[in-house]
Amino acid sequence: MLIDDDLVRGLLAEQFPRWAKLPVASVPLPGMDNATFRLGDGLSVRLPRYERWIGQVEREQRWLPWLAPQLPLTISAPLALGRPGRGFPFPWSVYRWLEGEAATTESLADPVRTARELAGFIRALQKIDPTGGPAPGLSNAFRGERVGTECDSLAADSLVRAKIAKLAGIVDTDAVTAVWEAALAAPAWDRPPVWLHGDLATGNLLAVEGHLSAVIDFGTLAVGDPACDLIPTWMFLPATARDAFREAVDQDDATWARARGLALAGSLPVPDDPFFAIPSRVTASLRHLDAVLDDFRKYGDAR
């Protein structure tokens with residue numbers, strides 16, 4: 001269904017009339033899983049686009065207020081839980097608006113400082129008691145699941161191998177396959193599951209004047225294997241800051257091998273994938289893939 005300003009205004013008028021007169025505007029980068037709107041100066045509204053993602057609403061409402069005071073960076077703050085209405089069939093949320101711009105590789109004032117701050121955030125998240133936390137599943141895209149598991153995930157072995165085959169003549173498929181097989185062969189996470197954000201991508205990291213200020217969009221929040229939270233190494237940080245991040249985040253070689261596999265799985269610009277219909281996405285994905293391959297050549301596998 002169409003999720004637009006009028007729908008948001010109608011939902012607010014029915015359920016939260018105190019906010020109904022505030023201006024509503026869609027954000028420039030609203031996301032694929034959820035539609036996001038700015039509400040006045042200090043609020044935002046977030047609505048899942050598909051039934052698969054409605055578990056994200058409950059997960060953020062339940063866990064973010066508890067996690068926030070234990071973390072070194074500001075995170076998303078849900079203020080109210082909306083119910084289905086006006087023809088919109090899913091629960092939805094009102095959040096506090098967090099100031100800042102989407103942090104990009106090119107905009108960082110001090111990439112090494114950012115690398116260390118992001119590593120500190122990840123380490124702090126992993127130290128929080130995971131008891132009762134959400135396991136990998138459909139509504140968090142199986143973040144934290146073992147690499148290669150056959151499930152509805154970008155990192156399912158059969159899916160990744162099919163994508164690699166379609167890239168013959170476009171990328172070095174032998175090198176890509178070697179990274180993937182090293183990830184599958186690496187020892188699995190054999191310690192208690194830990195908290196992970198699951199999608200520390202550029203759009204989910206905010207910066208003020210080039211310095212990291214907040215982490216948003218915890219829809220893929222889970223407890224499990226933390227390898228996916230290392231993906232910013234290649235998909236966000238510049239080459240000059242990667243060693244600082246690696247040192248500060250302090251993970252074993254097997255976790256790094258699995259993380260390279262996960263980063264690779266999300267960086268395969270298959271020609272018939274509609275996500276890559278925009279040329280800039282293909283360019284970015286090939287750049288990320290090159291970074292993963294360079295890292296593999298530098299550090300090798302963990303078998």
Side-chain angles (χ1 to χ4, degrees), residues 31-34 46 48-64 66-67 71 73 75-76 93 118-119 121-160 163 180 183-184 186-205 215-236 245 249 251-252 254-268 275 285 288 292:
M32 296 183 64
D33 301 342
N34 298 272
R46 179 173 160 90
R49 296 185 186 275
Y50 307 104
E51 184 177 4
R52 173 175 180 171
W53 307 122
I54 61 177
Q56 298 185 2
V57 177
E58 178 184 355
R59 190 157 44 249
E60 292 191 334
Q61 292 277 344
R62 165 66 179 86
W63 292 105
L64 295 190
W66 183 74
L67 292 171
L71 294 170
L73 291 170
I75 67 171
S76 305
S93 297
L118 183 57
F121 175 86
I122 292 168
R123 286 175 59 83
L125 185 60
Q126 292 175 2
K127 290 177 181 177
I128 297 173
D129 182 3
T131 302
L138 186 67
S139 69
N140 58 17
F142 291 93
R143 296 297 202 272
E145 183 59 87
R146 181 166 183 165
V147 177
T149 298
E150 292 299 336
C151 57
D152 191 358
S153 161
L154 287 176
D157 184 40
S158 59
L159 177 62
V160 172
K163 286 185 175 182
W180 180 242
L184 297 178
W189 182 257
D190 59 359
R191 283 159 274 173
V194 296
W195 283 102
L196 52 118
H197 177 280
D199 191 16
L200 291 172
T202 297
N204 297 332
L205 302 171
V215 180
I216 62 173
D217 192 349
F218 283 74
T220 52
L221 184 71
V223 293
D225 178 356
C228 63
D229 275 355
L230 302 184
I231 289 176
T233 310
W234 311 285
M235 300 181 75
F236 171 60
F245 181 75
V249 82
Q251 288 289 355
D252 58 80
T255 302
W256 280 105
R258 297 192 305 276
R260 280 194 293 267
L262 293 170
L264 178 147
S267 301
L268 297 174
F275 179 79
S285 292
H288 299 154
V292 171

- Query: Yes or no on side chain to side chain contact (heavy atoms under 4.5 Å, CB included) for Arg191 and Asp252, after CA distance, side-chain angles and deciding distance?
  - Reply: CA-CA 12 Å; Arg191 283 159 274 173; Asp252 58 80; 2.4 Å; yes
- Message: I'd like to know whether Asp229 forms a side chain to side chain contact (heavy atoms under 4.5 Å, CB included) with Val249, so could you lay out the CA-CA distance, the side-chain angles of the two residues, the decisive distance to 0.1 Å, and finally the verdict.
- Response: CA-CA 10 Å; Asp229 275 355; Val249 82; over 6 Å; no
- Message: The test is side chain to side chain contact (heavy atoms under 4.5 Å, CB included); show your working for Val215 and Leu205 and say whether it passes.
- Response: CA-CA 5 Å; Val215 180; Leu205 302 171; 4.0 Å; yes
- After noting the C-alpha distance and the side-chain angles of Arg46 and Asp217, does the key distance pass the side chain to side chain contact (heavy atoms under 4.5 Å, CB included) rule? CA-CA 10 Å; Arg46 179 173 160 90; Asp217 192 349; 2.5 Å; yes
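Taking the ring centre of Trp256 as origin, the terminal cationic atom of Arg260 falls outside the region bounded by 6.0 Å and 45° from the ring axis.
Using a 4.5 Å cut-off on side-chain heavy atoms (C-beta onward), Leu262 and Arg143 make no contact. Contact annotation: the side chain of Glu145 never approaches that of Ser153 to less than 4.5 Å [non-hydrogen atoms, C-beta and beyond].
Listed for the Thr220 side chain is a donor-acceptor partner under 3.5 Å among the backbone atoms of His197. Of the possible polar contacts, none joining the Ser139 side chain to the Ile54 backbone as a donor-acceptor pair under 3.5 Å is found. Side-chain N or O atoms of Gln56 include none that pairs as donor or acceptor with a backbone N or O of Pro48 at under 3.5 Å. For the pair Arg59 (side chain) and Gly219 (backbone), a donor-acceptor distance under 3.5 Å is present. With Arg258 contributing its side chain and Arg146 its backbone, the two residues share no donor-acceptor pair below 3.5 Å. Distance alone, capped at 3.5 Å, is enough to place a donor-acceptor pair between the Asn140 side chain and the Ala135 backbone.
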